[in-house]
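In what follows, a structure is listed as C-alpha cells, so that the remarks can point back to it.
A, B, ... follow the sequence lines: proteins, then strands. Residue 1 opens every chain.
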Amino acid sequence: MKPDSSPIKSPKVKKEDKASKKRKSLESEDEDFKPVSKAKKAKKEVKKEKKGSDKKGSASSGTESSPKKRVKKEKEEEREVWKWWEEEKKDDGVKWKTLEHKGPVFAPPYEPLPDNVKFYYDGKQMKLAEETEEVATFYGKMLDHDYTTKDAFNTNFFRDWKKVMTKAEKEVITDLKKCNFKEICEYFKMKSEERKAMSKDQKKEIKEANEAITKEYGFCIIDGHKEKIGNFRIEPPGLFRGRGEHPKQGMLKRRVQAEDIIINCGKDSEIPEAPKGHKWKEVRHDNQVTWLASWNENIQGQTKYIMLNAASKLKGEKDWAKYEVARKLHKCVDKIRANYHEDFKSKEMRIRQRAVALYFIDKLALRAGNEKEEGETADTVGCCSLRVEHTKLYEEKDSKPYVVEFDFLGKDSIRYTNAIPVEKRVFKNLELFTQNKQPSDDLFDRLNTTILNKHLHDLMEGLTAKVFRTYNASRTLQEQLNLLTDPDDPVASKILSYNRANRAVAVLCNHQRAVPKTFAKSMQNMMTKIEDKKKTIQEAKRNVKDAKVDYKQSKSEKNRSNLDRKKKILERLEEQLQKLEVAATDRDENKDIALGTSKLNYLDPRISVAWCKKFDVPIEKIYNKTQREKFRWAIDMATAEFQF
DNA sequence: GCACCAGACTCAGAAACTTCTAT
DNA sequence: TATAGAAGTTTCTGAGTCTGGTG
C-alpha cells in the first residue's frame, strides 16, 4: 500500500450546477414528493383528525375552558391551514414572493433593584451603578446553579463585569470571592415565588398581555398566508451558558438594540417600525433566505436569526425534502455499502480512512464531525474529528472478536460510549491508522467532512453524512414497528411498542437527557403502588379460593356466580399489576433517554402516521398538538400503506 | 484549484411554564 | 373542591452541519 503522504486537499466542488442538480434530484426522485394527487385522498382523514384530536385540550389550547369557544378557535385555525404540500413546488432558491412582519420584540429594559436589596463587597454594603448592578443580577440569579462553581465561568464573568464597572467600582471590586450576591439571589427567588402565588385574575391578566404581544408580533404574512414565527423575541442580555467545558462560559451577553438588527422583508411590504428613538441597522429585501431579522451576538460572533415556526411552509417543505433524500439513500445504500467495503482494501490511506469513517457513520449514526477552532468552544468531536484517544481496540472483548470501544464527547458535550464488534478489515485498518500516533492525534488524519461529503455527493445527489443519520433513524423505526406491533394488541400496548421503537432510535442517535430530579421519588411511588397491588392480589386469590370451597360444598348457582365474580376481580387486578409493571419498566428504561429529539428531527412522520392509520391508533396518542401542526403535511398525505 | 470563512439553516437538551391527577 | 406535585408542553438559545463566496 502507498503510504500516501499527500496533504489533505479540499474537494473540487463544481459550484455552477449544484442548485439545478438538487432541483432535478428532488423533482425526479420520488412520486411521493409530487404534490396533489396522493395527498388529496387523505384530505377527509385530516379533517376528522382535527376535530377529534384536541378533546383533552393541550398546553397551547389555552385559556378558553368552554367547549363552544374552543370549537370556535379550532375552526378559525382550520380555516387558516395552508395546504402548501398540494401546491406545485419550485426549487429556484426563491423562498418567498411577499413577506411582511412587525419586527422582533425586544427584551424589557432593566429594572433596578429595590433599595432594601443590597450588594456587599468584603462585608461592606456597596451601591452599584445601574449597569454594574444589572450584570451583578445576572450572576446573582445563577448563584444556586452549578455554573457559578466553575473557575472558567467565574473568571470570564468577573473580567466582563469589570468592563462595565465605573472607575471607582473597579478600584474597590478586585476579587470575586469577596462579592456577596446573596440578597440579590434571594430577591429573585422571592419574585419567582410571588409570581407562582399570584391570584387567578393576575395570572390571567399577564397571560392576556402576552397573548396580545404574540398576536401582534408572533405572526408574519408570507406569500399572502399568515404564518407563525418561531422566535420573535430578541434574546435578553445575560451570562453566556455554554454546554460542557465551554471556554467562554460566564461571559456577558450584551443587550441587543435595534441598531444591531437587520430586518428582512418584502420590497413592497410595510417596513416594521423600530422602537422610539432607535433605527434598524439595515433593512433588506432578500427573498433567497428565510429569516425575518438577524443580529450578531458578541460571544462567538455568530449570526442569530428570527425565523418561522416549524409548522410553516418553508420549514415543512425542507423537512419533507430531507426525508425524501433519506428514502432515496435507501434505494442505493447497498451499493454504497459495497463500495466502502471495497475501499477498506484500497492502496491509498485516505480512501481507507474515508471508508472506515463512513462505515461508522452508517453503522453507528455518528455525526460528521466538522473541524472546530481550538479554544473557542468545548472540546467535542464527531466521526471525522475523532482522535486516537477516543477509541480503544481489543482483539477480543467479552468473548467477541475485534471490538472497538468508543468514548468521546459529542454535540452538546454529551458523552458517547459504545463497544462494538467490527469487521476484521475495519479493525486492522484502525490499528494501522493509530500506528505511531499520539493519543491526541487525529484518528482520520487524511479526512475531513468536506472530503467525505464530496465523495458522498459523487455517490448520490444530495447525499451528505447527515443523511445517514436520518436514514438509519427512520429505517430503525420502520423495522422496529414492523417487528413489535401485534395487530391484536389493545391500543395501550401498541403505544408501548411504538415508544420502544422510538427508544431504539434514541439509543442509536445517543439522545440523552439528565435524569429528572423527581425520578427516584416517582419511581418509589410506582413501586409502592405495585406492592399494594400485589397485596390486593394475594387477598383476591384467597377470596377465589374461599369461593371455590363454598361452591364445591353447595354447588348452588349463587355460589357459582360469586366464584365467577371473584375470578374476574382477580383477573382484572392481575392485568392492572401487569400494566403497572410495564409502566415502571418503561419509565426506568426512559429515565436518561430523550425521545423527543428523534421524533421531531429524525423520524419520517409518514411512518408514524401510516402506523397509526394501519393499526387504528389515534394520531394524538403519538403526536401532541404542536407536533401534529409540524407534521400536518404527513398526516394529510400518508396512507396506511406507506413504508419508508 | 484550494483554503478559509461567514452565512444559513437544522438539531439539541435544559429550563420555564402549563395542565393533569391524586388526595 | 382545593391543592400539591407529577407529567407534559413550550420556549430558549447553544451547537452542530453544510454551502457558497472570496482571494
Side-chain angles (χ1 to χ4, degrees), chain A residues 7-16 18-19 22 56-63 65 93 95 145-146 192 195-196 203 206-207 210 214 230-236 238 240-244 246 248-249 253 262 264 286 288-291 294 296-297 299-305 307-310 314-315 318-319 322 367-373 376-378 380-382 384-385 410-414 448-450 452-454 456-457 462 464-467 469-470 509-514 516-519 521-522 525-526 529 587 592 594 596-598 600-602 624-627:
Chain A
I8 295 177
K9 288 173 183 174
S10 275
K12 305 159 191 175
V13 184
K14 272 196 178 178
K15 281 167 195 166
E16 28 97 18
K18 256 189 187 168
K22 202 172 166 187
K56 276 175 111 183
S58 67
S60 58
S61 64
T63 48
S65 49
K95 303 288 176 15
H145 200 287
D146 218 27
S192 159
R195 265 199 309 276
K196 277 183 211 160
K203 281 183 185 168
I206 292 175
K207 198 172 180 179
N210 274 329
T214 306
N231 57 324
F232 57 90
R233 287 173 205 274
I234 299 286
E235 293 171 20
F240 177 75
R241 302 152 93 116
R243 309 263 166 85
H246 200 294
K248 295 191 171 182
Q249 60 182 301
K253 244 176 72 166
I262 302 174
N264 193 30
D286 183 357
Q288 305 276 96
V289 296
T290 66
W291 52 269
S294 73
N296 280 320
E297 53 91 22
I299 306 287
Q300 326 208 65
Q302 286 168 347
T303 318
K304 296 263 183 174
Y305 301 96
M307 286 185 182
L308 293 182
N309 179 274
L314 282 175
K315 297 286 183 190
K318 264 294 210 45
D319 216 31
K322 173 179 79 183
R367 294 188 187 85
N370 283 324
E371 282 152 290
K372 295 164 75 181
E373 220 175 313
E376 291 292 298
T377 57
T380 63
V381 297
C384 293
S385 50
K411 183 177 180 181
D412 291 326
S413 293
I414 299 291
N448 62 34
T449 52
T450 316
L452 179 65
N453 280 335
K454 165 72 179 66
L456 294 175
H457 277 273
T464 64
K466 188 164 90 77
V467 179
R469 218 166 134 81
T470 311
C509 296
N510 199 38
H511 289 144
Q512 298 183 21
R513 61 168 183 166
K517 282 174 194 152
T518 53
F519 177 77
K521 202 182 163 196
S522 76
N525 290 345
M526 274 189 125
K529 272 186 192 167
R587 181 169 305 182
D592 53 358
T597 309
S598 50
L600 231 50
N601 301 303
Y602 288 101
N624 66 30
K625 187 168 173 262
T626 314
Q627 291 162 342

Check every atom of [options] against the side chain of [X] and return the nucleotide holding the closest atom.
X        : options                : result
A:His145 : C:dC18, B:dG13, B:dA15 : B:dA15
A:Asp412 : C:dC18, B:dA12, C:dT9  : B:dA12
A:Asn624 : C:dT9, B:dC9, C:dT17   : C:dT9
A:Arg367 : B:dT18, C:dT17, C:dC12 : C:dT17
A:Glu235 : B:dA8, C:dT13, B:dA12  : C:dT13
A:Phe240 : C:dC18, C:dG14, B:dT18 : C:dG14
A:Thr626 : B:dA12, C:dT10, C:dC18 : C:dT10
A:Met307 : B:dC11, B:dT10, C:dT19 : B:dT10

According to side-chain hydrogen bond (donor to acceptor under 3.5 Å, both in side chains), who are the partners of A:Arg243, at least two apart in sequence or on a separate chain?
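For A:Arg243 the side-chain hydrogen bond (donor to acceptor under 3.5 Å, both in side chains) partners, ignoring immediate neighbours, are A:Asp412.
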
Identify the heavy atoms of [X] and [Y] that sit nearest to each other, and give their distance.
X        : Y        : value
A:Phe240 : A:Lys248 : CD2-O, 3.4 Å
A:Thr464 : A:His457 : CG2-NE2, 4.1 Å
A:Leu452 : A:Cys384 : CD2-SG, 3.9 Å

Can you see whether A:Lys372 engages A:Thr380 through a side-chain donor-acceptor pair at a distance of less than 3.5 angstrom?
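Yes, a side-chain donor-acceptor pair sits under 3.5 Å.
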
Atom [atom1] of [X] and atom [atom2] of [N]: how far apart are they, to the nearest Å?
X        : N      : atom1 : atom2 : answer
A:Asn296 : B:dC5  : CG    : P     : 16 Å
A:Arg513 : C:dA7  : CZ    : C1'   : 10 Å
A:Gln627 : C:dT10 : CD    : P     : 8 Å
A:Ile234 : C:dC12 : CD1   : P     : 12 Å
A:Lys95  : B:dG7  : NZ    : C1'   : 12 Å
A:Asn309 : B:dT10 : CG    : P     : 12 Å
A:His457 : C:dT17 : NE2   : P     : 14 Å
A:Lys248 : C:dA15 : NZ    : C1'   : 14 Å

Within the structure, does a side-chain N or O atom of [X] lie under 4.0 Å from either OP1 or OP2 of [N]?
X        : N      : answer
A:Arg469 : B:dA12 : yes
A:Lys315 : B:dT10 : yes
A:Lys466 : B:dC11 : yes
A:Thr377 : C:dA15 : no
A:Thr597 : B:dA12 : no
A:Asn231 : C:dC12 : no
A:Lys253 : C:dG14 : yes
A:Thr303 : B:dG7  : yes
A:Tyr602 : B:dT10 : no
A:His246 : C:dG14 : no

Remember a base hit wins even if backbone is also touched, and classify [X] as base, sugar-phosphate or nothing at under 4.0 Å, heavy atoms.
X        : value
A:Gly369 : sugar-phosphate
A:Gly301 : nothing
A:Arg243 : base
A:Lys411 : base
A:Ala378 : nothing
A:Gln300 : sugar-phosphate
A:Thr449 : nothing
A:Lys196 : nothing
A:Thr380 : sugar-phosphate
A:Gln512 : sugar-phosphate
A:Tyr305 : base
A:Arg195 : nothing
A:Asn370 : base
A:Lys203 : nothing

Validation row: A:Glu376, A:Gln300 side chains within 4.5 angstrom (heavy atoms):
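No, too far: nothing below the 4.5 Å cut-off.
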
Compare all side-chain heavy atoms of A:Leu600 with those of A:Gln627 and state whether any distance is below 4.5 angstrom.
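Yes, side chains in contact.
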
Tell me which of A:Leu314 and A:Arg241 sits closer to the 5' end of DNA chain B, going by the nucleotide each one is nearest to.
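Of the two residues, A:Leu314 wins.
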
A:Tyr602 backbone acceptor or donor facing A:Lys322 side chain under 3.5 Å:
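Checked: no pair found.
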
For A:Ile299, does its backbone N or O pair with a side-chain atom of A:Glu297 as donor and acceptor, under 3.5 Å?
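Yes, because the side chain of A:Glu297 sits within donor-acceptor range (under 3.5 Å) of the backbone of A:Ile299.
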
